[in-house]
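Proteins come first, then strands; the chains are lettered A, B, ... in the order of their sequence lines, and each starts at number 1.
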There are 2 protein chains.
Amino acid sequence: MKTYIGVDLGGTNVRVAKVDEEGNILQIVKEPTEVAQGTEHVINKIISMIEKIDGYADCEGIGMGVPGPVNTIEGKMVLATNLPGFEGFPIAKTISDHFHMPTFVDNDVNVAGMGEAMLGAGKGLPVVYYVTISTGIGGALVVNQRVVAGKNGHAGEVANIIIDRNREKVNYLNVGAVENEASGTAITRKGKAIFGDDKIRHAGDVFDLAREGNEKALKLCDEVAYDLAVMFSAIAHVVDPYVFVVGGGVMKGKDVFFDKMEAYYRTMIHKGMQTVEFKEAQLEEPGIVGAAMLPRSYVDKENI
Amino acid sequence: MKTYIGVDLGGTNVRVAKVDEEGNILQIVKEPTEVAQGTEHVINKIISMIEKIDGYADCEGIGMGVPGPVNTIEGKMVLATNLPGFEGFPIAKTISDHFHMPTFVDNDVNVAGMGEAMLGAGKGLPVVYYVTISTGIGGALVVNQRVVAGKNGHAGEVANIIIDRNREKVNYLNVGAVENEASGTAITRKGKAIFGDDKIRHAGDVFDLAREGNEKALKLCDEVAYDLAVMFSAIAHVVDPYVFVVGGGVMKGKDVFFDKMEAYYRTMIHKGMQTVEFKEAQLEEPGIVGAAMLPRSYVDKENI
């Protein structure tokens with residue numbers, strides 16, 4: 001069975017794994033990123049971590065997920081807020097020059113989306129749209145098991161979609177951007193405004209209140225459901241995916257908002273689009289398994 | 001040079017043409033559709049029209065554009081409001097069985113988008129989003145010179161994207177759907193409400209008043225520009241295209257609304273996405289040339 005190296009490069013930790021074509025993690029190593037010590041230090045660390053993997057040289061290629069938009073053709077980050085120094089740095093070329101193996105880089109959400117499209121909840125479907133609802137909201141478009149990253153690596157930046165222009169300005173995102181109205185951070189912020197800082201530490205506390213039947217919490221969940229539905233309907237009208245694969249920590253509250261969301265969504269799309277399904281993300285380690293699938297997507301397409 | 005048969009099947013007329021790989025129309029025939037006489041009549045008509053084309057048997061394949069969403073894998077229309085009887089009819093298979101040539105069907109907007117991506121304003125770019133602003137609003141996603149039609153052929157049904165949920169219900173589309181707020185029909189409706197039925201016959205009359213400096217007309221164009229910008233920004237965050245190719249009759253008024261639209265749009269997208277360009281559609285006959293490019297897209301990909 002073919003194997004691939006997956007690298008999950010985060011602001012805090014780097015993880016490197018050997019993954020087979022069924023998505024099984026055969027070996028994994030983890031170290032702190034230490035980005036403050038410079039890009040060269042981080043790259044050397046990744047190289048030495050890959051060299052710790054048994055039989056790394058027999059893998060088909062290397063895939064890396066990074067936190068931020070990527071120019072996938074050049075293999076460089078376009079914006080690297082959590083990895084200072086990496087903006088414009090030729091990550092793929094540097095790693096590929098060292099190992100003489102095909103090396104690909106994409107952002108962590110795209111990589112997770114591709115993992116889901118190739119091995120998880122969207123397995124084998126021609127058009128998969130992955131959405132993660134967590135602290136923030138991210139998305140990824142995967143067509144024929146290949147990520148469509150877009151010109152600037154910004155495909156899937158659905159956080160900034162305007163779901164209601166009549167809201168308050170929260171931050172640099174658009175007024176009424178879905179991330180400011182329906183992400184984990186937004187649910188926490190709105191929950192605090194209603195119930196106070198002491199009662200709400202995170203979105204889960206709002207969900208718990210809703211589960212207890214608290215009317216204000218139920219109303220907040222209902223509003224979040226509607227806001228998310230507007231976002232999903234916008235995406236659906238742009239690409240009409242075979243499936244929406246939805247992941248992220250906010251899905252821990254799916255029992256209190258997801259059915260409502262889907263019901264609203266179904267009122268916002270054409271009759272002919274009703275067959276599109278929502279599925280929960282399945283992969284336990286989408287970041288690293290998805291990264292490992294990058295070379296499979298780009299080199300081994302006949303393998304799928 | 002390779003040649004292809006393009007069929008533009010509309011509710012009123014059918015046009016069949018022989019098109020070369022540079023998009024030149026070498027021969028064209030046109031007849032009334034006569035859809036009231038049944039699907040078999042229309043299909044037989046198309047077959048005999050193709051047989052009128054010199055050297056039709058030497059063409060590489062047949063591509064058809066039809067008015068409505070298509071299941072491109074099955075080659076059938078999903079919805080055929082303007083072609084009663086064609087919903088679910090195996091158009092591609094019937095034509096292909098007769099000629100023993102690869103035959104593909106897609107909706108007319110997707111076909112036009114592919115023409116623009118392959119030969120027109122988006123030529124050679126990896127991700128092209130085509131938008132036509134006419135009586136209605138339609139779109140098409142073209143990735144690597146192939147249309148992404150979606151599960152139900154509804155990719156590109158951007159008309160139904162909600163650009164402001166605080167509007168009035170107009171028709172079966174969503175409240176605040178962009179087509180009801182910024183299409184030619186919408187501009188006409190809003191113009192009539194402001195200036196009266198006698199002054200406004202179509203959107204062009206509103207644009208003329210704006211050109212004369214009429215403040216109410218300028219305000220209406222400004223609102224339309226903003227509404228369109230919200231739609232374009234939603235699309236951009238979903239797919240981050242290399243280019244938006246914009247066509248349709250409303251572009252005759254581009255001098256009074258398009259710069260405003262683009263300026264609003266640029267405030268609604270991330271800094272890293274600013275390189276995306278808007279280009280006006282270039283093909284004179286996108287419907288028929290785009291249709292002819294379907295077999296080229298699906299069969300002759302090495303040819304591109």
Side-chain angles (χ1 to χ4, degrees), chain A residues 68-69 71-73 78-79 87 125-127 129 139 141 143-144 146 148-166 172-178 226-227 229-231 233-243 267-277, chain B residues 68-69 71-73 78-79 87 125-127 129 139 141 143-144 146 148-166 172-178 226-227 229-231 233-243 267-277:
Chain A
N71 180 323
T72 52
I73 293 166
V78 175
L79 192 71
E87 205 167 299
L125 295 174
V127 185
Y129 214 93
L141 170 60
V143 175
N144 294 327
R146 192 170 284 184
V148 178
K151 181 168 189 196
N152 313 285
H154 280 66
E157 295 287 327
V158 294
N160 204 17
I161 289 179
I162 299 165
I163 51 84
D164 182 2
R165 61 169 80 169
N166 304 289
Y172 70 100
L173 293 174
N174 284 321
V175 169
V178 68
Y226 196 95
D227 289 348
V230 175
M231 175 197 71
S233 76
I235 299 170
H237 290 111
V238 175
V239 300
D240 189 17
Y242 281 64
V243 66
T267 70
M268 296 175 188
I269 55 166
H270 290 295
K271 205 175 10 173
M273 299 165 75
Q274 297 291 344
T275 61
V276 174
E277 283 182 276
Chain B
N71 180 324
T72 52
I73 292 166
V78 175
L79 191 73
E87 204 167 300
L125 294 174
V127 186
Y129 214 94
L141 169 61
V143 175
N144 293 328
R146 189 170 287 186
V148 178
K151 180 169 189 195
N152 314 284
H154 279 67
E157 294 288 326
V158 294
N160 206 17
I161 289 179
I162 299 165
I163 51 84
D164 182 1
R165 60 168 81 170
N166 305 287
Y172 69 99
L173 294 175
N174 284 320
V175 170
V178 68
Y226 196 94
D227 290 348
V230 174
M231 175 197 69
S233 75
I235 300 170
H237 289 112
V238 176
V239 300
D240 189 19
Y242 281 65
V243 67
T267 69
M268 296 175 189
I269 55 165
H270 291 294
K271 204 176 11 172
M273 299 166 73
Q274 298 291 342
T275 61
V276 174
E277 282 181 276

Visitor: Dump the intermediate steps for side-chain contact (heavy atoms from CB on, under 4.5 Å) on A:D164 and A:Y226, then the final yes or no.
Guide: CA-CA 10 Å; A:D164 182 2; A:Y226 196 95; over 6 Å; no
Visitor: Of the backbone (N, CA, C, O) and the side chain (C-beta and beyond), which part of A:P69 lies under 4.5 Å from a heavy atom of chain B, both, or neither?
Guide: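 The answer is neither part of A:P69.
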Visitor: Based on non-hydrogen pairs under 4.5 Å, which of B:P126, B:G156, B:A234 is most in contact with chain A?
Guide: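 When all of B:P126, B:G156, B:A234 are compared, B:G156 has the most.
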Visitor: Just jot down the ring pair (Phe, Tyr, Trp, His ring centres under 6.0 Å) partners of A:Y242, sequence neighbours excluded, or say none.
Guide: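 Not a single residue meets the ring pair (Phe, Tyr, Trp, His ring centres under 6.0 Å) criterion with A:Y242.
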Visitor: I need the B:I161 CD1 to A:H237 NE2 distance, nearest 0.5 Å.
Guide: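 Answer rounded to 0.5 Å: 7.5 Å.
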Visitor: Using 0.5 Å steps for rounding, measure from the CD1 atom of B:I73 to the NZ atom of B:K151.
Guide: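 Going from CD1 on B:I73 over to NZ on B:K151, the span is 10.5 Å.
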Visitor: Give the intermediate values and the outcome of side-chain contact (heavy atoms from CB on, under 4.5 Å) for residues B:E157 and A:D240.
Guide: CA-CA 8 Å; B:E157 294 288 326; A:D240 189 17; over 6 Å; no
Visitor: So B:H270 and A:Y172, would you call those rings parallel, tilted or perpendicular, with 30° and 60° as cut-offs?
Guide: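 Rings of B:H270 and A:Y172: tilted, as their planes differ by 30° to 60°.
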Visitor: If you count heavy-atom pairs within less than 4.5 Å of chain A, which of B:V148, B:T267, B:N160, B:T275 leads?
Guide: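 If we count pairs closer than 4.5 Å to chain A, B:N160 comes out on top.
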Visitor: Using a 3.5 Å distance criterion without hydrogens, assess whether the side chain of A:N71 forms a donor-acceptor pair with backbone atoms of A:V78.
Guide: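 Not a single qualifying donor-acceptor pair exists.
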Visitor: Looking at A:I235, A:V175, A:N166, which makes the most heavy-atom pairs under 4.5 Å with chain B?
Guide: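 Highest number of heavy-atom pairs under 4.5 Å: A:N166.
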Visitor: For B:L141, is it the side chain, the backbone, both or neither that has a heavy atom under 4.5 Å from a heavy atom of chain A?
Guide: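 When you check distances to chain A, only side chain atoms of B:L141 fall under 4.5 Å.
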Visitor: Which residues satisfy the salt bridge (charged side-chain N to carboxylate O under 4.0 Å, His left out) test with A:D227, sequence neighbours excluded?
Guide: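 In terms of salt bridge (charged side-chain N to carboxylate O under 4.0 Å, His left out), with neighbours along the sequence ignored, A:D227 is linked to A:R167, B:R165.
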Visitor: Would you mind telling me which of A:V276, A:I163, A:I269 has the largest number of heavy-atom pairs within less than 4.5 Å of chain B?
Guide: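 Sorted descending by pairs with chain B, the first entry is A:I163.
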Visitor: What part of B:V127 gets within 4.5 angstrom of chain A, counting heavy atoms only: side chain, backbone, both, or neither?
Guide: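 Answer is side chain: those atoms of B:V127 sit under 4.5 Å from chain A.
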Visitor: With a 4.5 angstrom heavy-atom cut-off, which part of A:N174 approaches chain B: side chain, backbone, both or neither?
Guide: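 A:N174 touches chain B through side-chain heavy atoms alone.
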Visitor: For B:L173, is it the side chain, the backbone, both or neither that has a heavy atom under 4.5 Å from a heavy atom of chain A?
Guide: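 Answer is side chain: those atoms of B:L173 sit under 4.5 Å from chain A.
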Visitor: Under a 4.5 Å heavy-atom cutoff, which of B:V243, B:L79, B:V230 has the most pairs with chain A?
Guide: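 Greatest number of close heavy-atom pairs with chain A: B:V230.
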Visitor: For A:A149, is it the side chain, the backbone, both, or neither that has a heavy atom closer than 4.5 Å to a heavy atom of chain B?
Guide: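 Looking at A:A149, just its backbone touches chain B.
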